[in-house]
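Heads up: the structure comes next, in structure tokens.
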2 protein chains.
Amino acid sequence: MILDETDKKILRLLQVDAHLTLKDIANKINLSLTPVHDRVKRLEKEGIIEKYVSILNKKKLGNNLMVYCQVTLVKQTYDVSAGFNQSIMNMPEVVECNFISGSFDYMLKIILPDMESYHNFHQKKLSILPEVSLINSFFIISEVKSTTVLPI
Amino acid sequence: MILDETDKKILRLLQVDAHLTLKDIANKINLSLTPVHDRVKRLEKEGIIEKYVSILNKKKLGNNLMVYCQVTLVKQTYDVSAGFNQSIMNMPEVVECNFISGSFDYMLKIILPDMESYHNFHQKKLSILPEVSLINSFFIISEVKSTTVLPI
DNA sequence: ATCGATTCAGAAATATTTTATGTAAAAATA
DNA sequence: TATTTTTACATAAAATATTTCTGAATCGAT
């Protein structure tokens with residue numbers, strides 16, 4: 001699927017604010033409702049637009065700690081890896097998990113209320129997994145940038 | 001601000017799908033439109049709901065490479081740090097940047113089309129910064145989990 | 001030149017959001 | 001305890017937004 005400049009303009013706008021109305025978008029890119037509507041629907045159908053979500057404020061929800069965890073598995077076989085993946089999917093505090101090539105196997109990003117919660121998570125949920133051999137934690141002191149916007 | 005169970009139910013729904021109508025939400029939590037409307041407006045006003053965004057498909061936009069970069073600065077002074085932060089804010093391929101305590105200073109997450117783009121980014125945009133002393137890259141082989149949903 | 005496909009505009013129909021009005025229960029005050 | 005105030009909710013009407021319909025203009029291909 002080929003995106004023309006109009007598609008890209010729409011995507012750039014919707015990435016930043018999904019609550020813009022079709023009319024808002026139409027005005028901003030000098031078009032009528034119809035093409036904007038049709039294009040958005042097409043972008044949704046094609047899966048270019050995956051979903052619309054609300055971004056909540058971490059701190060106001062009491063989540064004041066973010067941690068990167070480098071995890072090394074006991075073995076690098078498919079079974080061990082699949083078992084680990086499965087466990088991670090059911091951990092809401094793990095907001096990011098990526099399989100890595102390097103001196104460890106996974107990079108995780110964890111969001112939690114405080115250090116006590118992290119201690120608990122580390123001891124009772126992560127290190128307890130049979131697939132996990134080593135955990136290396138990096139505590140985030142300050143968030144400089146965090147965006148869902150992709151370059152288009 | 002205190003969130004009751006009804007607020008939390010609304011937030012859980014909107015985090016996953018911001019295109020649910022007030023009616024949809026009202027039905028799902030057995031309420032009428034008014035309280036749902038009023039609560040959502042209050043959550044927006046209080047900043048609990050920060051924004052509504054569209055999530056786009058990386059691969060369909062041609063971004064097939066994700067990299068974590070551990071960056072060490074030349075000095076850990078405020079000025080150097082502030083200069084680095086400023087530069088990062090203007091780099092659309094850097095979707096995440098966090099100041100870290102540990103054996104390096106920053107953890108970055110980069111999204112790009114391919115290795116060639118990364119090579120270019122590394123040489124022409126990142127390592128060229130006067131604040132940067134060392135870059136350590138970890139290439140993501142496979143994305144296991146990536147969510148904007150916070151545990152509530 | 002004509003046909004078909006694509007892209008867009010305008011308007012009507014439908015659905016959603018917003019506002020207004022009112023009621024009942026709980027909390028606060030006299 | 002009685003009264004007032006506040007809070008939370010329901011229903012309905014008004015204002016907006018989305019969706020669908022109809023048709024015109026442009027571009028390519030035959």
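Below, chains carry the letters A, B, ... as their sequence lines are ordered, and counting in each starts from 1. Everything numeric here is computed off the predicted structure, so don't read it as measured data.
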Checklist outcome for this item: Per-nucleotide protein contact along nucleotides 17-23 of chain C, 5' to 3', at a 4.0 Å heavy-atom cut-off (B base, S sugar-phosphate only, - neither), is BBBB---
Checklist entry - Salt-bridged, A:K60 to B:E50, with N to O below 4.0 Å? => result no
Checklist entry - Would you call B:E131 and B:K75 a salt bridge, taking side-chain N to carboxylate O under 4.0 Å as the test? => result no
Item to check | Exercise: identify the closest heavy-atom pair between B:Q15 and B:L150 | outcome: NE2-N, 2.5 Å
Next on the checklist: Using OP1 and OP2 only, check whether a side-chain N or O of B:R39 sits under 4.0 Å from D:dC9.
Outcome noted: yes
Checklist entry - How far apart are the closest heavy atoms of A:V149 and B:V95, and which atoms are they? => result O-CG1, 3.9 Å
Checklist outcome for this item: Dot-bracket assigned to DNA chain C with the 3.5 Å Watson-Crick/G-U criterion, [ ] for crossing and | for other-strand pairs, is ||||||||||||||||||||||||||||||
Next on the checklist: Rounded to whole Å, how long is the line connecting atom CG of B:L31 with atom P of D:dC9?
Outcome noted: 5 Å
Checklist outcome for this item: Partner of B:Y106 under side chain to side chain contact (heavy atoms under 4.5 Å, CB included), picked from B:V94, B:T72, B:N98, B:L73, is B:L73
Item to check | Side chain to side chain, A:F104 and A:N136, heavy atoms closer than 4.5 Å | outcome: no
Item to check | Flag side-chain contact, heavy atom, 4.5 Å: B:D17 against A:V53 | outcome: no
Next on the checklist: Any salt bridge linking B:E143 with B:K58? Criterion: basic side-chain nitrogen under 4.0 Å from a carboxylate oxygen.
Outcome noted: yes
Checklist entry - Rounded to the nearest Å, what distance is computed from the CG atom of residue B:N27 to the P atom of nucleotide D:dC9? => result 15 Å
Next on the checklist: Between B:D4 and B:K9, does any side-chain N to carboxylate O distance fall below 4.0 Å?
Outcome noted: no
Next on the checklist: Could you check, using the six-membered ring where one of them is a Trp, whether A:Y118 and A:F139 have ring centers closer than 6.0 angstrom?
Outcome noted: yes
Next on the checklist: Counting only heavy atoms and a strict 4.0 angstrom limit, can you tell me which residues of residues 42-50 of chain B come near DNA chain D?
Outcome noted: none
Item to check | For atom CD1 of A:I25 and atom P of D:dT16, their distance in whole Å | outcome: 19 Å
Item to check | Integer-rounded Å distance: D:dT18 P and A:Y52 OH | outcome: 10 Å
Checklist entry - Quick one: do A:I88 and A:V67 end up in the same hydrophobic cluster if we chain Ile, Leu, Val, Met, Phe, Trp and Tyr together by side-chain heavy atoms under 4.5 Å apart? => result yes
